[in-house]
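Structure, as structure tokens:
For this chain, numbers begin at 1 and follow the sequence in order.
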Amino acid sequence: MQLIRNIQHFPAASTGCALTIGNFDGVHLGHQAILRHLRQRASELGLPSVVMLFEPQPREYFQAQQAPARLMRLRNKLQHLAKFGVDYVIAVKFDRTFAEKSAQDFIQEWLVNRLNVRFLSIGDDFRFGAKRLGDFSLLQQAGKQFGFQVEYNHSFCLDQLRISSTAIREALATDNLTLAAQMLGRPYCILGRVTRGNQIGRTLGFPTANIALQRQVNPIQGVYVVKVRLQNGNQYQGIANVGKRPTINGITQLLEVHIFDFNQKIYGQFLEVEFCQKIRNEQKFPSLPELTEQIKKDIQQAKAYFQNKNL
């Protein structure tokens with residue numbers, strides 16, 4: 001799979017492509033159904049399969065820090081898209097120029113002139129162009145005019161619940177990790193690079209691998225039982241805190257992971273942290289000794305979880 005950041009460098013413009021467009025945040029079961037269908041149609045038509053997504057996501061551009069929490073970062077999204085046989089991912093820079101582009105200009109300049117789209121698959125709630133005036137009906141008209149086929153995908157449901165990134169965020173916000181995993185088709189995870197922290201965890205006797213979360217809004221908050229996978233594939237057990245660390249007057253959002261029976265230097269490596277069960281909400285303790293005692297209890301609870309699961 002090839003990542004394209006400048007659409008002028010798209011190598012398949014002469015032959016045409018089968019395209020789908022969206023944020024694909026979470027690459028959940030609904031997205032997976034779209035990707036499988038796209039791959040099937042691309043194969044039938046002898047075309048490369050292409051996913052167009054946006055960085056930042058449109059609501060992040062318009063709402064900044066008040067935008068909904070992301071379910072995954074771009075790096076993790078690309079890994080999952082590659083699993084479904086996508087040939088190209090076009091990451092469009094969503095800025096003022098792009099946001100102000102009319103729906104008609106987007107169709108003519110991007111879909112027709114630059115991508116030579118022959119097949120287009122979109123979700124049933126897809127809107128595009130300035131003021132979100134573009135919709136499925138407009139794309140159908142354009143398809144007849146320029147000679148490309150347009151299909152829209154009905155919502156994917158789980159027991160009558162419409163699967164969407166929003167529904168998954170809501171499940172995570174209410175600590176329903178099981179429902180979130182069912183809609184994702186896998187446990188909820190965060191992938192990120194380990195950075196140097198303030199070493200307070202090590203001082204307390206519980207060294208942590210720290211991953212900066214960059215945004216103030218995250219899908220989950222609190223202390224969790226976790227599984228941790230390193231870049232080499234090795235898996236460990238541990239606990240993690242997601243939040244601002246109020247006891248030490250933290251400001252920025254951070255994922256701190258204490259890995260059991262682990263003593264390796266992994267700064268700069270990417271970790272995948274799988275969230276198994278919530279232990280408690282993040283809270284501010286009167287002193288560091290009281291925080292230490294609570295962490296000991298958290299670890300005991302996490303180890304009991306793994307023992308009960310025979311892991």
Side-chain angles (χ1 to χ4, degrees), residues 26 28 69-73 76 79-80 167-195 197 200-213 217-248 250 253-264 266 269-285 288 290-311:
H28 53 61
R70 268 202 187 211
L71 296 176
M72 59 172 49
R73 298 180 180 180
N76 200 10
Q79 289 180 346
H80 285 284
I168 295 168
R169 291 187 197 100
E170 291 173 351
L172 292 172
T174 57
D175 304 323
N176 195 338
L177 292 172
T178 299
L179 178 58
Q182 290 174 341
M183 290 189 284
L184 286 165
R186 62 186 183 280
Y188 175 69
C189 300
I190 291 179
L191 177 75
R193 189 190 296 272
V194 178
T195 60
I200 288 180
R202 186 174 299 277
T203 301
L204 297 177
F206 309 104
T208 59
N210 300 323
I211 297 173
L213 297 178
V217 180
N218 291 289
I220 58 174
Q221 297 282 336
V223 179
Y224 295 81
V225 181
V226 298
K227 296 177 186 176
V228 182
R229 281 178 285 275
L230 304 187
Q231 288 182 187
N232 60 14
N234 290 344
Q235 181 172 289
Y236 298 86
Q237 300 170 352
I239 60 170
N241 182 79
V242 182
K244 294 186 177 181
R245 303 155 295 150
T247 304
I248 61 170
Q253 294 282 340
L254 191 69
L255 167 58
E256 299 174 292
V257 186
H258 174 62
I259 307 173
F260 301 155
D261 305 315
F262 186 82
N263 189 28
Q264 301 177 31
I266 52 175
Q269 290 192 32
F270 280 91
L271 299 186
E272 184 179 54
V273 182
E274 176 184 322
F275 294 84
C276 304
Q277 185 180 73
K278 186 167 184 177
I279 297 176
R280 59 178 175 86
N281 290 327
E282 192 178 38
Q283 61 190 98
K284 183 171 184 176
F285 292 90
L288 289 179
E290 290 176 86
L291 171 61
T292 301
E293 288 303 310
Q294 181 60 55
I295 294 175
K296 291 178 181 178
K297 294 177 182 178
D298 296 338
I299 291 173
Q300 290 175 353
Q301 186 171 338
K303 289 185 174 180
Y305 168 88
F306 288 118
Q307 287 175 354
N308 291 335
K309 295 287 186 178
N310 294 318
L311 298 174

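The distance from atom CE of Met183 to atom CG of Leu71, rounded to the nearest 0.5 Å, is 9.5 Å. Distance check, rounded to the nearest 0.5 Å: CD of Gln301 to CD of Gln277 gives 6.5 Å. Asp175 CG to Arg280 CZ: the interatomic distance, rounded to the nearest 0.5 Å, is 13.0 Å. Atoms CG and CD, on Asn241 and Gln221 in that order, are 8.5 Å from each other to the nearest 0.5 Å. We find the CD1-CD1 distance between Ile295 and Ile239 to be 6.5 Å, quoted to the nearest 0.5 Å. How far CG of Leu213 is from CZ of Arg73: 6.0 Å, rounded to the nearest 0.5 Å.
With Arg169 contributing its side chain and Ala69 its backbone, the two residues share a donor-acceptor pair below 3.5 Å. Of the possible polar contacts, one joining the Gln231 side chain to the Phe270 backbone as a donor-acceptor pair under 3.5 Å is found. Within the 3.5 Å criterion, the main-chain N or O of Asn176 finds no donor-acceptor partner in the side chain of Lys278.
Smallest separation of non-hydrogen atoms from Ala209 and Ile266: CB-CD1, 4.1 Å. Across all their heavy atoms, Cys276 and Lys227 have their closest contact at SG-CG, 3.7 Å.
Applying the side chain to side chain contact (heavy atoms under 4.5 Å, CB included) test to Gln300 and every residue at least two apart in sequence or in another chain returns nothing.
Here the side chains of Phe262 and Leu230 are in contact, with some heavy-atom distance below 4.5 Å. Taking 4.5 Å as the limit, some side-chain heavy atom of Cys189 sits within range of a side-chain heavy atom of Arg229. Put simply, the side chain of Ile190 reaches to within 4.5 Å of the side chain of Phe275, judged on heavy atoms. A 4.5 Å side-chain heavy-atom check between Asp298 and His258 finds every atom pair outside the cut-off. Looking at heavy atoms from C-beta onward, Tyr188 lies out of side-chain contact with Ile168 at the 4.5 angstrom threshold. Between Leu255 and Asn210, every side-chain heavy-atom pair lies at or beyond the 4.5 Å cut-off. The shortest distance between side-chain heavy atoms of Phe260 and Ile299 falls below 4.5 Å. With a 4.5 Å cut-off on side-chain heavy atoms, Leu177 and Leu172 count as touching.
Heavy-atom contacts from other residues, nucleotides or ligands closer than 6.0 Å to CG of Asp261 number 12 or fewer.
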message: Walk me through whether Phe206 and Thr292 qualify under side-chain contact (heavy atoms from CB on, under 4.5 Å).
response: CA-CA 9 Å; Phe206 309 104; Thr292 301; 3.7 Å; yes
